[in-house]
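Structure first, then comments.
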2 protein chains.
Amino acid sequence: MLTVHHLNFSQSERIIWLLEELELPYELRVYQRDPVTQFAPDELRSIHPLGSAPVLCDGEIVLAESGAIIEYVLARYGDGRLTVPVTSPQYPDYLYWLHYANSSLMTQITMNWIAGMAAEPGSNSGLLSALKERLERHLFLVEDHLSRATYFAGTEFTAADIIMHFPFGTMKGFYNVGLDNRPNIKAWLARISDRPHYQRAMKVAGHEQDPALDLGETRSVF
Amino acid sequence: MLTVHHLNFSQSERIIWLLEELELPYELRVYQRDPVTQFAPDELRSIHPLGSAPVLCDGEIVLAESGAIIEYVLARYGDGRLTVPVTSPQYPDYLYWLHYANSSLMTQITMNWIAGMAAEPGSNSGLLSALKERLERHLFLVEDHLSRATYFAGTEFTAADIIMHFPFGTMKGFYNVGLDNRPNIKAWLARISDRPHYQRAMKVAGHEQDPALDLGETRSVF
């Protein structure tokens with residue numbers, strides 16, 4: 001039996017969503033952030049030393065890291081679903097967005113978020129504007145891609161969509177990149193919101209409403 | 001023919017190293033950072049919109065992102081080398097470190113680096129010390145793993161080692177995490193340094209000396 005260790009309001013919702021899409025059975029363990037500091041509780045460190053989520057357990061195996069868990073589940077239990085064959089013309093796109101989500105986009109968003117917290121108001125405008133320009137370049141890249149593709153790996157929904165959703169969904173509760181002039185990203189979010197497995201996953205993950213559509217106020221951690 | 005677009009002093013050295021280990025033929029295009037700003041040159045944007053390296057071209061395919069390029073090359077040209085079979089007990093470890101390198105470790109290092117640049121000296125000590133404590137947790141995780149494993153995926157050298165090397169090698173020219181009390185990471189770096197394909201790759205990438213052993217002064221970008 002697969003066990004998902006899920007921290008509320010975190011990237012572990014991706015793994016719940018993946019398993020719901022695949023209709024695989026799993027056990028859920030839920031952890032709550034400290035309501036004041038927003039830190040994960042210490043008990044999560046007894047599951048994995050970094051004390052972050054997601055963590056997936058499969059028998060003796062304890063695996064963290066969204067991208068790794070997604071690849072693991074698909075390779076061992078996916079039966080070819082939600083991925084793209086190595087020989088497919090869409091394979092490079094699939095791999096790109098699967099890695100890009102956390103390695104580049106989330107890194108850029110996190111840099112902007114942390115730099116904004118670290119700088120005194122009005123100071124370091126050169127650094128902050130360079131970071132803003134870089135984030136804009138990322139948003140342009142994503143928007144441009146979705147002007148030519150229904151989903152990240154082409155015409156079919158795949159795990160690349162699952163991993164790319166968080167930066168535009170729940171992450172915006174921490175740092176909102178803003179999508180006012182991004183109709184293609186918004187249309188893609190709307191397509192995702194219609195998926196019954198997505199809706200169910202977000203309920204299981206503890207969201208009272210669709211995190212991509214409205215989150216209310218922005219939270220902050222640290 | 002594969003073409004590697006390589007920016008000096010950047011993550012694209014991983015792709016040169018991968019292809020050297022696999023002994024695959026490739027064409028190399030080298031770009032130089034601006035000697036003052038350390039920014040990548042604008043011509044790199046004509047290859048890929050983000051203007052960063054690595055970028056791999058394979059006929060019509062233009063692929064960025066270290067982890068994606070590594071998976072692509074191994075899946076299409078690797079013939080089972082430098083990776084781990086899905087059925088192997090080492091498969092979860094292989095996947096974990098392959099994704100962890102950029103999604104978690106590089107993100108943490110970058111956060112500490114950017115926050116240090118953004119904060120006025122002496123200010124924001126709470127944020128900076130929280131970031132330092134988090135980076136320590138990462139270094140403990142890596143050091144602890146290498147106390148039990150010769151290479152990241154077990155007894156054999158794999159692409160997980162290639163992707164994990166940059167944060168402890170060339171990256172230290174931008175932000176040095178420090179390894180004074182990390183004998184296992186240092187021993188692993190020394191094992192890597194003995195590899196003829198690594199030595200050749202670093203020369204091709206433009207390093208005059210092994211970047212893991214000594215880089216001289218720390219550079220800075222932005």
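Throughout, protein chains are lettered first and strands after them, A, B, ... in sequence-line order, and every chain is numbered starting at 1.
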Between [options], which shows the greatest number of heavy-atom pairs under 4.5 Å with chain A?
options                      : result
B:Q108, B:H48, B:M106, B:E60 : B:H48
B:L50, B:D58, B:T107         : B:L50
B:G51, B:S52, B:S66, B:A119  : B:A119

- Item | salt bridge (charged side-chain N to carboxylate O under 4.0 Å, His left out): pairs with one or both residues in residues 139-165 of chain A, sequence neighbours excluded |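 Qualifying pairs: A:D144-A:R148.
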- Message: B:H165: which residues meet the ring-ring contact (aromatic ring centres under 6.0 Å, His included) condition with it, sequence neighbours left out?
- Response: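 Only B:W17, B:W188, B:Y198 meet the ring-ring contact (aromatic ring centres under 6.0 Å, His included) criterion with B:H165.
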- Task: For salt bridge (charged side-chain N to carboxylate O under 4.0 Å, His left out), just list the numbers for B:E65 and B:R14, CA-CA rounded to whole Å, side-chain angles, deciding distance to a tenth of an Å, and then say yes or no.
- Result: CA-CA 11 Å; B:E65 201 68 58; B:R14 288 168 171 158; over 6 Å; no
- Residues A:E43, A:R45; criterion salt bridge (charged side-chain N to carboxylate O under 4.0 Å, His left out); working and verdict: CA-CA 5 Å; A:E43 61 184 317; A:R45 290 198 206 181; over 6 Å; no
- Query: Which residues in residues 89-105 of chain A have a heavy atom less than 4.5 Å from any heavy atom of chain B?
  - Reply: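 Residues A:Y91, A:P92, A:L95, A:Y96, A:H99, A:Y100, A:N102, A:S103, A:S104 are the ones that qualify, each having a heavy atom under 4.5 Å from chain B.
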- Message: Set out, in order, the CA-CA distance, both residues' side-chain angles and the distance that settles side-chain contact (heavy atoms from CB on, under 4.5 Å) for A:Y26 and A:I16, then state yes or no.
- Response: CA-CA 9 Å; A:Y26 64 97; A:I16 295 171; 3.4 Å; yes
- Item | Short side-chain to backbone donor-acceptor contact, A:R76 and B:V86, under 3.5 Å |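 Flag set: sc A:R76 to bb B:V86 pair under 3.5 Å.
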- salt bridge (Lys or Arg N to Asp or Glu O under 4.0 Å) partners for A:R137, two or more places apart: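 Partners of A:R137 under the salt bridge (Lys or Arg N to Asp or Glu O under 4.0 Å) test: A:E133.
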